[in-house]
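Note that the structure is a prediction, hence the values are computed from the model and not measured. If you read the sequence from its start, that first residue is 1, and numbering goes on from there.
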Amino acid sequence: MIREPLTMIACPDIAGQVRGKGFPTAELERRLERGVGWVPTNMQITAFDVIPDTPYGPRGDLLLLADRDTEVRVDFADGSPVEHFFLGRIRHTDGSPWACCLRTLLDDALGRLRATTGFDLLVAFEHEFHMVGGDRWTGTAYSLDGFRAHQAFGETLAAALRAGGLAMDSFLREFGRDQYEVTVAPRLGLRAADDSVVLRQLTRATARRLAQQVSFSPMRTPDGVGNGVHLHMSFVDAEGRPRTHDPAGPGGLAPAAGAFVAGVLRHLPAYTALTAAGIVSYARLTPNRWSAAYNNLGLRDREAAVRICPVDERPGADPAGQFNIEFRAADATASPHLQLAAIVLAGLRGIADGLAVPTPTHEDLTALDAATLALRGIRALPGSLEAALDAFAGDATVRGFFPAELVDIYLRHKRGEVAVMAGKPADELCRAYERVY
Ligand code: GLU
Ligand code: MG
């Protein structure tokens with residue numbers, strides 16, 4: 001069969017999808033110069049293909065321009081088409097940035113972090129996912145046999161990631177039935193969020209080549225084991241030296257990192273809608289799921305919204321270089337760029353306000369009464385996407401982190417998604433999100 005290679009320019013969007021346009025690779029140079037046409041209402045396409053609400057209607061034109069250094073070119077060498085795509089930025093037709101471009105939003109937030117602290121953020125997104133229609137084996141959590149069951153998948157994924165410029169850190173059989181996890185090496189700022197997009201896409205691309213199906217959806221069944229996205233973050237200075245750790249600081253955090261964490265947690269209930277963006281996300285953000293249910297800080301506690309991770313303390317190991325904080329109230333229904341931008345902007349506010357590091361929690365928070373929680377500044381995360389959107393809409397400080405146009409379309413988009421899915425039973429909702437994510 002005759003075939004001519006195609007390439008795509010794509011951008012991450014509010015629905016946590018990567019959308020764009022393809023063209024003959026023979027036209028690549030011209031397309032890298034000129035981009036592809038885009039329209040504002042595309043940002044309002046929900047996960048379920050419906051556009052419930054858009055301020056733009058059929059009006060308006062934008063450009064999607066590729067960043068050359070995001071090129072991903074992976075030949076699976078099985079005769080299938082070469083995966084070839086670029087991530088881009090959405091701009092007005094005069095070339096000026098569009099307020100709702102999520103990659104630009106993150107880039108600006110990271111630029112502000114650098115201007116304020118002198119530090120860059122080193123980030124690794126950790127992803128959990130399920131093999132859909134897998135073996136459904138019991139008794140294989142973390143096991144060698146469970147690993148072996150999908151080792152071929154893991155090895156193809158490792159090669160695809162390597163070819164795509166990402167270094168796999170680990171591939172493992174997670175706890176849930178048919179659940180796996182893949183982690184990659186941390187990278188600086190925007191690149192880390194791009195890596196998260198590329199990782200999800202190459203995992204899907206691998207599954208497609210192997211006639212398998214994967215799902216990153218936060219909850220595949222109402223009572224199942226959740227898939228989290230955990231963001232590991234640390235500060236580095238202009239010389240690349242680690243700047244998160246101070247053995248004398250509270251929780252081992254250096255001053256800027258401590259105030260950053262305090263801001264991330266203080267504002268979290270008002271921006272959870274941006275880091276956990278699906279209706280089913282809120283079944284995961286409940287106690288006893290090793291996810292996050294409160295805006296608490298934890299030392300080595302896997303139910304803290306922000307966990308201070310352990311370091312290898314044996315002689316010869318460098319604690320400062322390993323020291324990192326992990327944000328756990330996130331999942332794959334959200335755009336990694338928006339997740340990280342929200343975290344950075346909340347953290348910056350913590351730095352601006354000189355917030356003190358919250359006292360880490362050590363106990364089961366469900367056992368504490370409301371008064372005790374309030375006294376300690378701990379709040380439960382919203383219980384539904386609807387409540388999370390109301391909290392976002394109702395918090396002028398957090399809304400103010402973002403361009404007003406983005407806040408408006410985000411609320412319309414996500415409230416529209418809630419309306420479209422209203423009345424569906426929990427298992428049907430889970431199936432719907434499983435298919436999309
Ligand atoms: N599956 C858990 C989540 O939903 C995380 C388990 C772990 O600590 O790796 O976030
Ligand atoms: Mg895990």
Side-chain angles (χ1 to χ4, degrees), residues 13-16 43-44 46-48 52-53 100 102 105 216-219 222 226-231 263-287 289 291-296 303-306 327-347 349 365-366 370 373 377-402 404 406-424 426 429-430 432-433 436-437:
D13 73 3
I14 288 176
M43 200 56 116
Q44 297 305 80
T46 60
F48 305 105
D53 190 7
C100 304
L102 303 181
L105 176 83
F216 291 86
S217 175
M219 288 300 276
N227 287 318
V229 170
H230 305 159
L231 290 83
V264 167
L265 290 172
R266 169 174 291 195
H267 299 291
L268 175 57
Y271 69 84
T272 313
L274 309 185
T275 60
I279 298 169
V280 296
S281 301
Y282 291 82
R284 173 178 163 263
L285 296 180
T286 51
R289 291 194 167 278
S291 58
Y294 298 87
N295 66 338
N296 62 321
E303 283 205 21
V306 171
F327 180 94
R328 298 174 67 87
D331 68 51
T333 57
S335 145
H337 296 80
L338 187 53
Q339 285 169 333
L340 189 54
I343 291 167
V344 168
L345 293 166
R349 182 65 189 228
L365 298 182
T366 59
L373 289 172
I378 300 167
R379 281 182 290 155
L381 300 185
S384 66
L385 179 57
E386 218 169 341
L389 292 166
D390 288 347
F392 178 48
D395 190 315
T397 304
V398 169
R399 270 197 338 262
F401 296 163
F402 305 94
L406 177 59
V407 173
D408 177 47
I409 67 165
Y410 195 84
L411 289 169
R412 289 177 188 243
H413 179 129
K414 285 289 160 184
R415 283 180 167 154
E417 183 172 332
V418 170
V420 164
M421 303 307 274
K424 294 211 190 305
L429 278 173
C430 285
Y433 279 92
V436 177
Y437 295 100

- [ ] Could you tell me which non-hydrogen atom of Ala283 sits nearest to which non-hydrogen atom of Arg289, and how far apart they are?
- [x] O-NE, 3.1 Å

Open item on the list: Is the shortest side-chain heavy-atom distance between Asn295 and Leu381 below 4.5 Å?
Closed with: yes

Task: Leu406 side chain near Leu102 side chain, heavy-atom distance below 4.5 Å - done: yes

Task: Step-by-step side-chain contact (heavy atoms from CB on, under 4.5 Å) determination, Thr46 to His413 - done: CA-CA 7 Å; Thr46 60; His413 179 129; 3.7 Å; yes

- [ ] Please tell me if the side chains of Leu268 and Phe327 come closer than 4.5 Å, counting only heavy atoms from C-beta onward.
- [x] yes

Task: Atom of Gly278, atom of Glu417 and distance for their closest heavy-atom approach - done: CA-OE2, 4.3 Å

TODO: Using the side-chain contact (heavy atoms from CB on, under 4.5 Å) rule, take Met421 and Leu429 through it: C-alpha gap first, then chi angles, then the decisive distance, then the call.
DONE: CA-CA 7 Å; Met421 303 307 274; Leu429 278 173; 3.7 Å; yes

Open item on the list: Could you check whether any side-chain N or O of Asp13 sits under 3.5 Å from a backbone N or O of Ser335, counting only pairs where one atom can act as donor and the other as acceptor?
Closed with: no

Task: Pairwise side-chain contact, Val280 with Ser217, heavy-atom cut-off 4.5 Å (strictly under) - done: yes

Open item on the list: Contact between Thr333 and Pro218 at the side-chain level, heavy atoms closer than 4.5 Å - yes or no?
Closed with: yes

Open item on the list: Using 0.5 Å steps for rounding, measure from the SG atom of Cys100 to the CE atom of Met43.
Closed with: 6.0 Å

TODO: Give a yes or no answer on whether the side chain of Arg379 reaches the backbone of His267 with a donor-acceptor pair at less than 3.5 Å.
DONE: no

Open item on the list: Minimum heavy-atom separation for Leu285 and Ala329, please, with both atom names.
Closed with: CD2-CA, 4.0 Å

TODO: Compare every heavy atom of Ala332 with every heavy atom of Val229, then report the nearest pair and how far apart it is.
DONE: CG2-N, 3.5 Å

Open item on the list: I want to know whether Phe216 and Tyr433 have ring centres closer than 6.0 Å.
Closed with: no

- [ ] Output yes when a side-chain donor or acceptor of Gln44 lies under 3.5 Å from a complementary backbone atom of Ile409, and no otherwise.
- [x] yes

Task: Arg412 bridged to Asp408 by N-O distance under 4.0 Å - done: yes

- [ ] Say whether, by atom type as modelled, one donor and one acceptor occur between the side chain of Lys414 and the main chain of Leu385 under 3.5 angstrom.
- [x] no

Task: Set of residues satisfying side-chain contact (heavy atoms from CB on, under 4.5 Å) with respect to Ala387, sequence neighbours excluded - done: Pro382, Ser384

TODO: Please name all residues satisfying side-chain contact (heavy atoms from CB on, under 4.5 Å) with Ala393, sequence neighbours left out, ordered by chain then number.
DONE: Leu411, Arg415

Open item on the list: With rounding to the nearest 0.5 angstrom, report the CG to CG distance, Leu389 to Leu274.
Closed with: 8.5 Å

- [ ] Show your reasoning for whether side-chain contact (heavy atoms from CB on, under 4.5 Å) applies to Val264 and Tyr271.
- [x] CA-CA 9 Å; Val264 167; Tyr271 69 84; 3.2 Å; yes

- [ ] With rounding to the nearest 0.5 Å, note down the distance linking CG in Leu365 to CG in Asn296.
- [x] 5.0 Å

Open item on the list: Give me the atom names and distance for the closest heavy-atom approach of Tyr294 to Ala380.
Closed with: CD2-CA, 3.6 Å

Task: Taking every non-hydrogen atom, the tightest pair across Gln339 and Ala334 - done: NE2-CB, 3.4 Å

TODO: Take the angle between the ring planes of Phe392 and Tyr410 and call it parallel below 30°, perpendicular above 60°, tilted in between.
DONE: perpendicular

Task: Test item: Asp331 and Asn227 side chains (from C-beta on) under 4.5 Å apart, heavy atoms - done: no

Open item on the list: Can you tell me how far apart OG (Ser291) and NE2 (His230) are? Round to the nearest 0.5 Å.
Closed with: 7.5 Å

